[in-house]
2 protein chains.
Amino acid sequence: MEIISNISVDCVIFGFDNTCLNVLLTKRELTDPLTGELMIEDYTMQGHHALVGENLDDAAKRVLKDKTGLEDIFLKQFYTFGDTDRLLKEKDQLWLKTKFPMVRNHVITVAYYSLVDSSKVKPYQQYQNTKWFPVKMLPELGFDHEKIIRVALEYLQEEIRKEPIGFELLPEKFTLTQLQNLYEVILDIKLDRRNFRKKVAQMKHVIPLNEKQKGVAHKPAQVFIFSRDVYNRTKKERLDFSV
Amino acid sequence: MEIISNISVDCVIFGFDNTCLNVLLTKRELTDPLTGELMIEDYTMQGHHALVGENLDDAAKRVLKDKTGLEDIFLKQFYTFGDTDRLLKEKDQLWLKTKFPMVRNHVITVAYYSLVDSSKVKPYQQYQNTKWFPVKMLPELGFDHEKIIRVALEYLQEEIRKEPIGFELLPEKFTLTQLQNLYEVILDIKLDRRNFRKKVAQMKHVIPLNEKQKGVAHKPAQVFIFSRDVYNRTKKERLDFSV
DNA sequence: AAACGTATGTGTATAAAATACACTTAGCAA
DNA sequence: TTGCTAAGTGTATTTTATACACATACGTTT
């Protein structure tokens, strides 16, 4: 279980609560042992170093399991951050020297993002001093994690325009309004309800169930599921080369 | 100039010769010092290890400069290959033990691809035992470089559908037929000439010059240039979330 | 000098996809 | 029973994609 001291793996864990796109973050605190003064109080994604003999993808799965308890989750490598100054901010150096003196100054981090149904993660939150934050209202972040999250969001926005990955953020059964909110929030755009539904109706992989929402104080919505199998069988290629 | 022994940078260098999309590769040869027998004869991309104190992007620029002599070239990080078995094939181990005994078994490589006007590269080819190969007819490759090139091509195909990067593969001045061939070859599709030209006509960043092809045995084509400035000022966003 | 070969350049009709837009309905709560 | 809320639905218009054939300019050959 020896760690590779100059390679880490970070995982931007995205969740969706029908209103916001959120990121799961862990608090980082450091108190001066003499004065008791709080010297660092911020959040990080708390990745891990890769282990000797471990594939990068496995390291990412390990990080995700560790923070959410979840396995077999959508996980995508999107970028590797390798600038020499990424850990050199004063407070980060203080943190590393205090807590991880064996870690080098130049650590490259292979970054993944994952999409989880956040209702499945809740139990772990309190246990680990870990909290969801809307990507639009991030707290103060350590290292270069703000940049990593920003870049992750850009890759997610691109990917969700082309691939049916939004469903990973929703419960297995969902309504079209939930799905539409998801796209609106992630892409930061407004969509027309009727046109959206027309578009979804063409997607054979979004399958209506004989089931309705329950316990809502309005007309109950129909419930849908996503089928990756159907998607793989019916997907089309698109050409664009942007005008 | 100390190297980082477990991190390398590979660069898939793409070029275009109006017929094929090519990759620049360097021969790798190993002869048995006793028998004189040729033990290894194949090609690799010949990346380099990152250097201590060097940003990853700078390492990639260095690799590109080293192989092509070119600077300020389109360069895009697309994936980091980190499987533990990527250098473990028998002949690769033989190569490493003979030539680079200080290199570890588990090296992760951050892969970039670059797009170059291959007419600018020629002078360097003979000097460095380096050759262009069509991506559709690759020679035997060392390490996991065949996989890396295949993945690079997938990323390139995606990117070129959305961003005006094809121009990087053409000379500054080009004809619409050249441009069309480029798209057809990279995307492996057939395009209708009239519809293609209609589409390009909408792109304000493809600018006709008062200049025609010379010395061709047919009606000379009009010459165009690409303007990134104009592109940045006029680009539109697209939405899709694939049907 | 005429004829030939070759790749360039061009327009229209049709189909498909994207967009804009307003009223009725089902359930729960008051 | 009334009111509140979000669900559900169709049509007309604009934009974009697709399919398709002949004349032109240049160099080469005869």
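Below, chains carry the letters A, B, ... as their sequence lines are ordered, and counting in each starts from 1. No hydrogens, no waters, no symmetry mates; every other heavy atom, side chains included, goes into these values.
Nucleotide dA7(D) holds its P atom 12 Å from the CZ atom of F196(A), rounded to whole Å. Rounded to whole angstrom, the span from the CD atom of E211(B) across to the P atom of dT8(C) amounts to 16 Å. Look at CG on D192(A): it is 14 Å from P on dT9(D), rounded to the nearest Å. Q222(B) places its CD atom 13 Å from the P atom of dC26(D), with the value rounded to the nearest Å. What separates OH of Y183(A) from P of dA18(C) is a distance of 14 Å, to the nearest Å. Between K212(A) atom NZ and dA6(D) atom C1' the separation is 13 Å, expressed in whole Å. Distance, K214(A) NZ to dG27(C) C1': 14 Å, rounded to whole Å. If you take CD of Q202(B) and P of dT15(D), they are 12 Å apart, rounded to a whole angstrom.
With hydrogens and angles ignored, no donor-acceptor pair under 3.5 angstrom links the side chain of R197(A) to the base of dG8(D). In this model, no side-chain donor or acceptor of R194(A) finds a partner on the base of dA7(D) within 3.5 Å.
At the heavy-atom level, K198(A) lies under 4.0 Å from base atoms of the strands shown.
Between L169(B) and the choices V116(B), D17(B), I186(B), the side-chain contact (heavy atoms from CB on, under 4.5 Å) rule is met once, by I186(B). For the side-chain contact (heavy atoms from CB on, under 4.5 Å) test with L25(A), the passing option among K131(A), M45(A), Q46(A), H145(A) is M45(A); the others fail.
Checked against the 6.0 Å centroid criterion, the rings of F16(A) and F14(A) do not qualify as a close aromatic pair. Remark: aromatic rings of Y155(B) and Y113(B) are distant, center separation not under 6.0 Å. A distance of 6.0 Å or more separates the ring centres of F226(B) and F174(B).
If you check the side chains of D117(A) and S119(A), you find a donor sitting under 3.5 Å from an acceptor. Side-chain N/O atoms of T26(B) and K67(B) include a donor and acceptor closer than 3.5 Å.
Judged by closest nucleotide on DNA chain C, R193(A) is the one of P220(A) and R193(A) placed further toward the 5' end. Along DNA chain D, the nucleotide nearest N195(A) and the nucleotide nearest T175(A) are compared for position; the residue whose nucleotide lies closer to the 5' end is T175(A).
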| said: Output one letter per nucleotide in nucleotides 1-6 of chain C: B when a protein non-hydrogen atom lies under 4.0 Å from the base, S when only the sugar-phosphate is that close, - when neither is. | reply: ----BB
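Phosphate proximity of dA6(D) to T177(A): absent, as no side-chain N or O sits under 4.0 Å from OP1 or OP2.
Distances were taken from every side-chain heavy atom of K199(B) (C-beta onward) to each of dT8(C), dA17(D), dC20(D); the shortest belongs to dA17(D).
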